[in-house]
There are 2 protein chains.
Amino acid sequence: MKKQAENSTGIREIAKRANVSIGTVDRVINNRLGVSAKTKEKIQKIIEELDYQPNIMARMLASKKVIKIAALIPSVSNETGYWNAPLKGINQAASEIRNFGVMVEHYFFDQNAKQTFINQADIILKKGYDGLLLAPMFEKESINFLARCRQHNIPFVLINSDLANQANIAYIGPDLFQSGYLAAHLSKYLISPSQRVLLVNISREIDLHHHLLKKEEGFRAYFEKENIVVDIDKIDVNETDYNSLQKILKQQFEKNRPNLVFVTNSRVSSVAKFFNEYKIKDVKLMGYDFLEENITHLKNGTIDFLICQKPQEQGYKGVMSIYQHLLQATVESVQYMPIDIITKENYIYYKN
Amino acid sequence: MKKQAENSTGIREIAKRANVSIGTVDRVINNRLGVSAKTKEKIQKIIEELDYQPNIMARMLASKKVIKIAALIPSVSNETGYWNAPLKGINQAASEIRNFGVMVEHYFFDQNAKQTFINQADIILKKGYDGLLLAPMFEKESINFLARCRQHNIPFVLINSDLANQANIAYIGPDLFQSGYLAAHLSKYLISPSQRVLLVNISREIDLHHHLLKKEEGFRAYFEKENIVVDIDKIDVNETDYNSLQKILKQQFEKNRPNLVFVTNSRVSSVAKFFNEYKIKDVKLMGYDFLEENITHLKNGTIDFLICQKPQEQGYKGVMSIYQHLLQATVESVQYMPIDIITKENYIYYKN
DNA sequence: ACCTGTTTCGTTAACGTACACGAATATATT
DNA sequence: AATATATTCGTGTACGTTAACGAAACAGGT
């Protein structure tokens with residue numbers, strides 16, 4: 001008579017009220033088969049009445065299942081350390097929920113080599129995961145990959161750049177168009193109307209361009225909407241090494257020296273290097289991302305603004321969203337990151 | 001022979017290796033007394049070797065203890081809805097960890113009535129909590145309260161404004177000085193050197209002023225450091241109703257019409273109202289906080305910049321930090337919020 | 001009526017830890 | 001040396017859930 005006497009909560013209470021065993025209740029909760037329609041209905045009604053919420057801790061303990069989440073993102077190259085930040089966020093989330101039976105595993109691909117993406121995707125599918133965090137840099141390959149995930153019933157979250165109609169549980173990242181739009185607005189504080197702007201896209205893989213193009217669209221849209229006349233020159237640089245860039249920039253500056261340069265991604269530090277080398281001081285410079293090399297140039301005044309969209313938080317929230325989803329919680333399906341403006345004055349307080 | 005056969009992990013494995021029972025291991029882990037120095041040492045060594053991490057879920061399940069956290073913050077007045085945001089963050093955190101045996105309870109005080117703070121503090125101490133989240137608006141009373149918390153061994157986190165030397169587990173909020181400093185920097189984009197600036201403090205309770213004064217310090221420090229000459233007028237408004245403010249502003253504008261007005265808190269919308277009423281369009285305006293009434297004036301151009309420091313995240317992180325701390329995790333002791341600049345263009349994307 | 005197969009359900013041992021209870025051993029007291 | 005008192009330790013039950021196993025009830029076919 002010492003046992004669980006009169007107390008009873010949760011599954012046991014439901015069982016008692018329904019005059020069945022906890023085994024049966026368990027079956028309807030996890031809708032396994034093997035319970036008649038009648039008793040199933042009866043139990044479900046009681047569950048609703050009691051507003052029963054399963055005890056996650058007990059659940060995790062009993063089913064020694066481990067939730068396995070895969071994260072597939074670009075590797076940190078020596079060309080750009082950008083992906084360090086999302087990775088850090090992913091790791092932070094992982095360590096916070098490791099105690100709750102969650103395992104997060106990383107996979108990396110080379111942004112300059114599509115095949116590495118395809119290979120990693122295959123491995124992930126083969127190993128089998130409960131959830132996926134993906135940075136869909138290669139558009140076509142990602143769509144293919146995600147289709148297969150859907151077949152395997154693997155829910156996924158996209159970060160950094162979005163893909164339409166993929167039935168993802170969430171997109172977490174910037175609104176690219178708006179980001180470019182804001183950049184244009186900021187230029188108002190740097191130059192006067194009818195001055196000359198140079199827009200620079202630096203990226204090797206053409207596939208990554210849709211990312212940059214959306215920013216460019218936003219950038220141009222601002223001037224149109226505000227009826228501001230500016231001359232916008234544009235150059236696409238397909239080689240990411242400094243020498244190629246330097247050559248192209250030099251040419252461009254001789255032809256049409258701009259008053260403002262807007263770099264559509266984190267490579268802005270290379271342009272800053274060019275500025276320093278050629279002692280260019282009267283031209284304003286804006287670009288993206290809170291990277292050490294960029295911050296250096298922000299500090300010494302070469303770069304005027306950096307736009308940043310919380311890469312670390314993208315990783316963190318990405319993992320957490322998958323976890324929450326797997327815990328049956330509902331997750332906001334679009335979580336645009338704020339568009340942060342970083343200046344010489346506030347960079348100290350910016351947390352990636 | 002069916003039982004836990006050979007497997008064994010955690011506490012049981014330790015017991016086996018030390019040739020003791022799990023009871024004894026349990027005693028040293030939770031350092032209860034009743035275990036000899038010798039065996040205690042032996043067990044601790046094994047724990048280290050194994051890098052044993054207790055299973056939180058099992059722990060929570062077994063000890064049906066519920067972690068109780070109290071949050072004491074200002075109530076949302078009709079004068080300002082600011083504290084809505086931190087409250088929302090607190091609630092979000094609460095709902096995310098409710099399943100893990102955590103209960104968060106709210107207490108509110110009136111910013112215009114010290115006694116309400118004292119009363120709520122007493123209630124909290126009487127009821128007994130495992131952790132406390134506090135917005136220490138009243139300096140002296142807060143210090144007193146926290147001293148008593150220390151006596152009762154209640155760990156606490158401070159948000160929104162800091163108090164020195166309180167042995168808190170964390171401060172989560174703005175760096176006020178830097179916040180004012182940045183505001184001054186932004187003014188560079190709004191006015192030219194040697195123009196006139198008006199700084200406005202609006203607050204009834206003098207105790208709240210140390211908060212505003214730090215911003216003012218930062219604001220002035222910028223101009224000094226950059227050797228920029230500006231005329232800074234300053235007015236303190238102790239009545240928070242619009243009529244009083246309007247009268248004082250009108251006087252000030254007739255005497256020394258400024259080119260820029262900097263309001264050191266969220267009451268900037270009242271000044272914006274004044275601008276509208278008197279059709280003032282050539283004077284720039286900056287202030288604090290992402291509130292509906294402020295956003296309205298940002299949209300129509302009356303307010304040029306809003307500075308905001310993630311009030312919702314302050315609440316969220318505050319609760320989470322206490323929780324992590326109670327879970328034995330180490331928590332960063334100072335978590336300055338980023339200083340966000342909100343403009344007409346990016347406010348859509350700002351998440352409190 | 002019996003046997004066979006299927007559906008429906010109850011029982012029970014885990015998951016890893018906490019804690020109460022009592023047994024065993026050591027130390028102190030006479 | 002015998003008893004009383006601390007100190008140190010082992011055992012067992014419980015936390016709420018999962019999942020394997022098997023018992024009971026029912027169906028269909030002969």
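Model, not experiment: these values are computed from the prediction. Below, chain A is the first sequence line, B the second, and so on; all start at residue 1.
Among the candidates Gln312(B), His106(B), Glu96(B), the single residue satisfying the side-chain hydrogen bond (donor to acceptor under 3.5 Å, both in side chains) test with Asn91(B) is His106(B).
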Step-by-step side chain to side chain contact (heavy atoms under 4.5 Å, CB included) determination, Cys149(A) to Leu125(A) | CA-CA 7 Å; Cys149(A) 285; Leu125(A) 281 174; 4.3 Å; yes

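Nucleotide dC15(C) holds its C1' atom 15 Å from the CG atom of Asn99(A), rounded to whole Å. In this entry the distance linking CE of Met57(B) with C1' of dT17(C) reads 12 Å, nearest Å. Summarising the geometry, the separation between CG on Leu50(A) and P on dG16(D) is reported as 14 Å, rounded to the nearest angstrom. Computed from coordinates, the Met60(B) CE to dC15(D) C1' distance equals 13 Å when rounded to whole Å. Rounded to whole Å, the distance from CG on Leu61(B) to C1' on dA18(C) is 11 Å. Atom-to-atom, CG of Asn55(A) to P of dT17(D) comes out at 6 Å; the value is rounded to the nearest Å. Between Arg12(B) atom CZ and dG12(D) atom C1' there is a gap of 12 Å when expressed in whole angstrom units. Note: CD1 (Ile47(B)) to P (dT17(C)) measures 10 Å, nearest angstrom.
Contacts classified as salt bridge (charged side-chain N to carboxylate O under 4.0 Å, His left out) and involving residues 63-74 of chain A (residues at least two apart or in different chains) are not found.
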Could you tabulate the donor-acceptor pairs under 3.5 Å formed by side-chain atoms of residues 37-51 of chain A, not counting sequence neighbours?
| unit_1 | atom_1 | unit_2 | atom_2 | d |
| --- | --- | --- | --- | --- |
| Thr39(A) | OG1 | Ser36(A) | O | 3.3 |
| Thr39(A) | OG1 | Ser36(A) | OG | 3.2 |
| Lys42(A) | NZ | Ala18(A) | O | 3.2 |

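Taking only side-chain nitrogens and oxygens, Arg59(B) comes nearer than 4.0 Å to OP1 or OP2 of dA18(C). Phosphate proximity of dA19(D) to Lys64(A): absent, as no side-chain N or O sits under 4.0 Å from OP1 or OP2. Contact annotation: Asn30(B) side-chain N/O to dA18(C) OP1/OP2 distance is under 4.0 Å. Side-chain nitrogen and oxygen atoms of Arg32(B) include at least one within less than 4.0 Å of the OP1 or OP2 phosphate oxygen of dC19(C).
Between Tyr171(A) and Tyr336(A), the ring planes are perpendicular. Angles over 60° get that label, and only those under 30° would be called parallel.
Scored by the salt bridge (charged side-chain N to carboxylate O under 4.0 Å, His left out) test, Asp110(A) finds no partners at all (sequence neighbours excluded). Every residue meeting the ring-ring contact (aromatic ring centres under 6.0 Å, His included) condition with Phe109(A), not counting sequence neighbours, appears here in chain and number order: Phe117(A), Phe138(A).
A salt bridge is defined here as a Lys NZ or Arg NE, NH1 or NH2 lying under 4.0 Å from an Asp or Glu carboxylate O, and Asp122(A) with Arg148(A) meets this definition.
Here the two rings, on Tyr323(A) and Phe100(A), have centers that are 6.0 Å apart or farther.
Residue Asp26(B) is classed as a base contact, given a heavy-atom separation below 4.0 Å to a base.
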Measure all distances between protein nitrogen or oxygen atoms and nitrogen or oxygen atoms of nucleotides 25-27 of chain D, and list the pairs falling under 3.5 Å.
none

Give me, pair by pair, the N or O atoms of the protein and of nucleotides 5-11 of chain D that are less than 3.5 Å apart, along with how far apart they are.
| unit_1 | atom_1 | unit_2 | atom_2 | d |
| --- | --- | --- | --- | --- |
| dC9(D) | OP1 | Ser36(B) | OG | 3.3 |
| dC9(D) | OP1 | Thr39(B) | OG1 | 3.3 |
| dC9(D) | OP2 | Ser36(B) | N | 2.6 |
| dC9(D) | OP2 | Ser36(B) | OG | 3.4 |
| dC9(D) | OP2 | Thr39(B) | OG1 | 2.9 |
| dG10(D) | OP2 | Ser21(B) | N | 2.6 |
| dG10(D) | OP2 | Ser21(B) | OG | 2.9 |
| dG10(D) | OP2 | Thr24(B) | OG1 | 2.6 |
| dG10(D) | N7 | Arg27(B) | NH2 | 3.4 |
| dG10(D) | O6 | Arg27(B) | NH2 | 2.2 |

